[in-house]
Amino acid sequence: MRQYRELAELYQELEKTSKRLEKTFLVARFLRSCTLEDLEPVILLLQGRAFPEWDPREIGVASKLVIRTISKISGEKISIIESRWARLGDLGLVAEEYSQRKRQATLFSKKLGVRDVLTNLQKIASLEGEGTIDKKLAYLSDLLLNASPLEARYIVRTVLGELRVGIAGGILRDAITWAFSPLPEEIFYKCKHCGAVVPASDKCMSCGNPLIPSKSSRELAINELLNSGSIKEQETFITNNPREIYNKLIEYIEDAYNILNDYGELAIRLYKQGLRGLSKLELVPGRPIRVMLAQKADNATEALETVGTPAAVEYKYDGFRMQIHKKDNKIVIYTRRLEDVTKQFPDVVEGVKKINADSFIIDSECVGVDSSTGKFLPFQNISQRIKRKYNISEMVRKIPVELHVFDIVYYNGETILKKPFKERRAILEKIIPEQGILRLAVQRIVKNEEEANEFYEESLRKGNEGIMFKALNAPYKPGSRVGYMMKLKPTAESLDLVIVGAEWGEGKRSRWLSSYYVACLDPVTGNYLSIGKVSTGLKEKREEGLSYDELTEILKPLIIEEKGKMVILRPEIVVEVTYQEIQKSPSYDSGYALRFPRIIKIREDRSPREITTINEIEKYYKEQLSK
Ligand code: AMP
């Protein structure tokens with residue numbers, strides 16, 4: 001059993017480097033030295049999670065509770081702990097400090113194994129109902145009492161959701177591949193210069209010196225891969241380029257991950273059975289998968305170039321994405337953040353019972369409808385339904401919905417992610433009756449720009465947001481923003497950014513946080529990079545829309561630290577921001593700033609992991625220059 005101490009040391013090493021390959025290497029080395037039993041806790045803890053990715057339960061401990069826990073186990077006053085926090089800016093470091101002092105007192109503390117830590121975190125994440133806070137405090141004190149100072153630092157960061165060791169999904173996926181590739185000798189080499197085990201290529205990924213693979217072992221690798229019976233497109237493997245084999249392998253692992261949505265399980269299967277453990281994977285209704293995302297197009301020509309012609313175009317409904325699962329007459333509804341909202345939508349549950357299939361996983365957009373005019377309601381209305389936990393039936397009456405179904409990935413016991421879109425659509429056409437709340441997304445097949453633009457005008461006239469372009473022969477790629485689906489909408493460019501800080505206002509706005517620091521995502525390290533300060537777009541009064549006062553209320557519990565007028569916030573709330581121009585700027589971490597930024601709305605359906613990336617910002621910046 002791995003000790004949590006060893007993992008804490010790994011976190012520390014990971015924090016020291018921002019290089020993707022180094023991080024991958026460190027994680028792979030650690031994983032390789034794990035036993036089968038260690039893999040689940042280690043992989044979850046590396047992600048700062050208590051449960052796999054498909055399970056939306058979050059650890060969810062507030063800073064206040066951490067402070068109370070530190071106070072309880074150290075006997076220190078809360079106000080003193082708070083002032084240490086203000087000074088150090090990180091409760092993890094505060095916990096580390098107090099843990100040092102507590103040390104002599106707890107000579108009998110037991111050593112923490114990775115499993116012990118995970119078990120306690122799982123208990124914390126599963127708590128519901130009365131007395132939750134005290135129980136959380138008890139579990140957290142139990143952990144901290146037994147933790148060394150370094151362990152305390154990372155336990156606290158983990159429960160706060162601020163692990164910040166910078167391993168985003170791609171790094172973990174690569175590290176698992178490096179660690180458990182069934183063909184370590186053939187696809188991976190031990191570099192003679194630096195000793196790192198790296199994918200076969202002409203150069204060592206770790207030190208850059210030449211790697212000289214032997215031809216015979218390379219051929220062996222190719223044959224083994226081909227014979228594993230699990231890799232398609234065999235022709236493309238007949239190559240002398242090990243880098244190509246590596247890329248193919250990563251692609252294969254990524255495909256498997258997309259079905260499992262669980263890095264722990266992925267690693268366990270590879271560990272036990274190698275690549276064979278990943279063949280014939282099936283989706284499991286009831287276990288959500290990440291949704292496929294769309295790329296943005298500036299016009300119909302660009303969209304058609306990407307998806308190819310003829311293309312399917314569909315109305316882009318302005319509602320809430322729902323991934324709906326059915327098996328054995330049990331129906332579960334997930335948001336795009338994979339939260340279970342089944343209880344809030346009994347009308348949708350009833351509605352989808354009319355779908356003509358024993359089991360399915362469908363992708364759809366749920367839109368609020370004005371019952372008197374039959375027109376679509378703005379997104380804000382339906383978002384009220386998602387938040388509502390009581391008086392559900394009243395909400396069902398007040399804000400009725402329609403469900404526009406646009407994709408299906410599992411049908412009567414079969415995973416159909418890889419079937420071409422036109423075949424998946426044909427299944428939908430067969431099984432979705434247009435009755436009650438059920439609708440099939442309005443679709444047309446277009447051959448050229450004129451036809452697409454005509455459809456675009458029609459969609460906007462009907463009150464939709466725009467249109468979607470879809471490649472007819474494309475598979476469904478969970479979690480990816482690949483060019484199989486392009487969106488076209490008339491609004492000015494907008495970005496989805498996370499709020500990382502704010503400032504208290506002045507004068508009549510002094511009770512409100514009235515300007516907000518927003519950040520984009522660095523997908524490599526998983527860090528947030530600030531890109532500007534926004535103070536417009538919000539309303540003075542709640543009746544008029546998203547107001548300062550409402551946003552302040554939402555942000556207050558996320559305050560990590562206050563310095564004068566400025567507060568630092570836990571990055572949780574995603575907002576849609578429009579702007580006039582992106583400029584280079586040394587003032588923000590991203591190196592860019594926004595001119596005339598405006599907050600449009602809160603993107604409740606987006607997690608901070610799904611926001612605009614720094615690469616997209618760079619792309620928009622360059623596009624702007626070329627216009
Ligand atoms: P955006 O949220 O702006 O990235 O646009 C993509 C979103 O549009 C998807 O996540 C869906 O929630 C929504 N959407 C509305 N209509 C469709 C459709 N016909 N096909 C796919 N997505 C749609």
Side-chain angles (χ1 to χ4, degrees), residues 288-298 303 306-307 311-324 333-339 341 348 362-369 376-380 382-383 386 401-409 421-422 424-425 428-429 432 438-446 452 455-456 458-460 462-472 474 476-497 520-521 574-578 600-607 609-613 616 620:
I289 57 167
R290 294 172 308 148
V291 297
M292 178 159 76
L293 303 167
Q295 283 177 6
K296 194 174 266 173
D298 284 336
T306 311
V307 300
V313 285
E314 293 176 2
Y315 287 174
K316 183 178 191 306
Y317 302 94
D318 186 13
F320 210 86
R321 193 158 184 171
M322 283 185 172
Q323 186 184 101
I324 308 180
I333 308 174
Y334 296 101
T335 64
R336 65 186 275 164
R337 295 177 68 164
L338 312 187
E339 282 149 336
V341 290
V348 175
I362 54 169
D363 202 351
S364 61
E365 189 84 354
C366 182
V367 194
V369 189
F376 291 144
L377 290 169
F379 171 80
Q380 266 74 10
I382 180 151
S383 89
I386 292 159
V401 296
E402 279 177 3
L403 190 75
H404 297 265
V405 185
F406 55 79
D407 217 327
I408 179 162
V409 292
F421 175 60
K422 58 177 187 239
R424 302 199 304 275
R425 168 78 188 192
L428 287 181
E429 286 172 8
I432 307 269
L438 280 181
R439 301 283 179 279
L440 200 56
V442 172
Q443 187 192 79
R444 192 166 306 158
I445 306 295
V446 296
F455 186 73
Y456 183 48
E458 173 189 315
S459 177
L460 293 179
K462 294 259 161 84
N464 298 305
E465 241 195 325
I467 56 173
M468 306 293 292
F469 290 74
K470 300 186 178 180
L472 287 170
Y476 189 100
K477 271 240 170 215
S480 309
R481 201 175 284 287
V482 278
Y484 300 154
M485 193 158 101
M486 302 283 289
K487 59 187 171 195
L488 179 63
K489 42 181 186 177
T491 48
E493 192 83 69
S494 69
L495 308 174
D496 293 320
L497 302 171
C520 61
L521 177 71
V574 178
V575 283
E576 183 178 337
V577 176
T578 58
I600 302 300
K601 64 180 180 209
I602 297 187
R603 298 276 326 227
E604 321 216 7
D605 54 335
R606 291 254 161 154
S607 83
R609 291 276 146 217
E610 291 181 310
I611 59 173
T612 305
T613 61
E616 286 170 308
Y620 299 151

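Bear in mind the structure is a predicted one, so any value in this text is a computation, not a measurement. All ligand and atom numbering here is 1-based and tracks the order in the structure. Note: hydrogens, waters and symmetry copies are ignored here, and every other heavy atom, side chains too, is used.
- In terms of protein heavy-atom proximity, atom 22 (N) of ligand 1 is closest to Phe406 CZ, 3.4 Å.
- Between Tyr315 and Phe455, the ring centre distance stays below 6.0 Å.
- Using a 4.0 Å cut-off to heavy atoms of Arg336, the atoms of ligand 1 that qualify are 2 (O), 10 (O).
- Residue Met322 does not touch ligand 1, judged by heavy-atom distances below 4.0 Å.
- Taking every non-hydrogen atom of Lys489 and a distance limit under 4.0 Å, the qualifying atoms of ligand 1 come out as 3 (O).
- Contact annotation: for His404 versus ligand 1, there are no heavy atoms closer than 4.0 Å.
- A distance of 8.0 Å separates CD in Glu465 from CD in Glu365, rounded to the nearest 0.5 Å.
- Remark: ligand 1 and Arg481 share no N or O pair separated by less than 3.5 Å (distance only, no angle test).
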How far apart are the C-alpha atoms of Asp363 and Val409, what are their side-chain angles, what is the distance that settles it, and do they pass the side-chain contact (heavy atoms from CB on, under 4.5 Å) test? CA-CA 8 Å; Asp363 202 351; Val409 292; over 6 Å; no

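- Applying the 4.0 Å criterion to heavy atoms of Arg606 picks out, from ligand 1, the atoms 1 (P), 2 (O), 4 (O).
- Among protein heavy atoms, the minimum distance from atom 10 (O) of ligand 1 is reached at Arg321 NH1, 2.8 Å.
- A salt bridge does not link Glu616 with Lys296: none of the charged nitrogens is closer than 4.0 Å to a carboxylate oxygen.
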Derivation and outcome, side-chain contact (heavy atoms from CB on, under 4.5 Å), residues Arg290 and Arg609: CA-CA 12 Å; Arg290 294 172 308 148; Arg609 291 276 146 217; over 6 Å; no

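- Scanning the protein heavy atoms around atom 13 (C) of ligand 1, the nearest turns out to be Glu365 OE1, 3.2 Å.
- Given atom 7 (C) of ligand 1, the protein heavy atom at minimum distance is Lys316 NZ, 3.8 Å.
- For Lys296, the closest heavy-atom approach to ligand 1 does not fall below 4.0 Å.
- Taking 4.0 Å as the cut-off, Gln443 does not count as a neighbour of ligand 1 on heavy-atom distance.
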Could you go through Gln323 and Arg336, starting from their C-alpha distance and side-chain angles, then the distance that decides it, and tell me whether this counts as side-chain contact (heavy atoms from CB on, under 4.5 Å)? CA-CA 7 Å; Gln323 186 184 101; Arg336 65 186 275 164; over 6 Å; no

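- With a 4.0 Å heavy-atom cut-off, ligand 1 is reached by the backbone of Tyr315 but not by any atom from C-beta on.
- Here the protein heavy atom with the shortest distance to atom 20 (N) of ligand 1 is Lys470 NZ, 2.7 Å.
- Taking the six-membered ring for Trp and thresholds of 30 and 60 degrees, His404 and Tyr317 have nearly parallel ring planes, at less than 30 degrees apart.
- Regarding atom 2 (O) of ligand 1, its nearest protein heavy-atom neighbour is Arg603 NH2, 3.2 Å.
- Which parts of ligand 1 touch Lys487 is read off a 4.0 Å heavy-atom cut-off, strictly below it: atoms 1 (P), 3 (O), 4 (O), 5 (O).
- A distance of 6.0 Å separates OG1 of Thr612 from OH of Tyr620, quoted to the nearest 0.5 Å.
- Annotation for Val446 and Ala452: closest pair CG1-N, 3.9 Å, computed over non-hydrogen atoms.
- Here the protein heavy atom with the shortest distance to atom 16 (N) of ligand 1 is Tyr317 N, 3.0 Å.
- The shortest heavy-atom contact between Ile324 and Leu403 is CD1-CD2, 3.6 Å.
- One finds the NZ atom of Lys477 at 14.5 Å from the CE atom of Met485 (value rounded to the nearest 0.5 Å).
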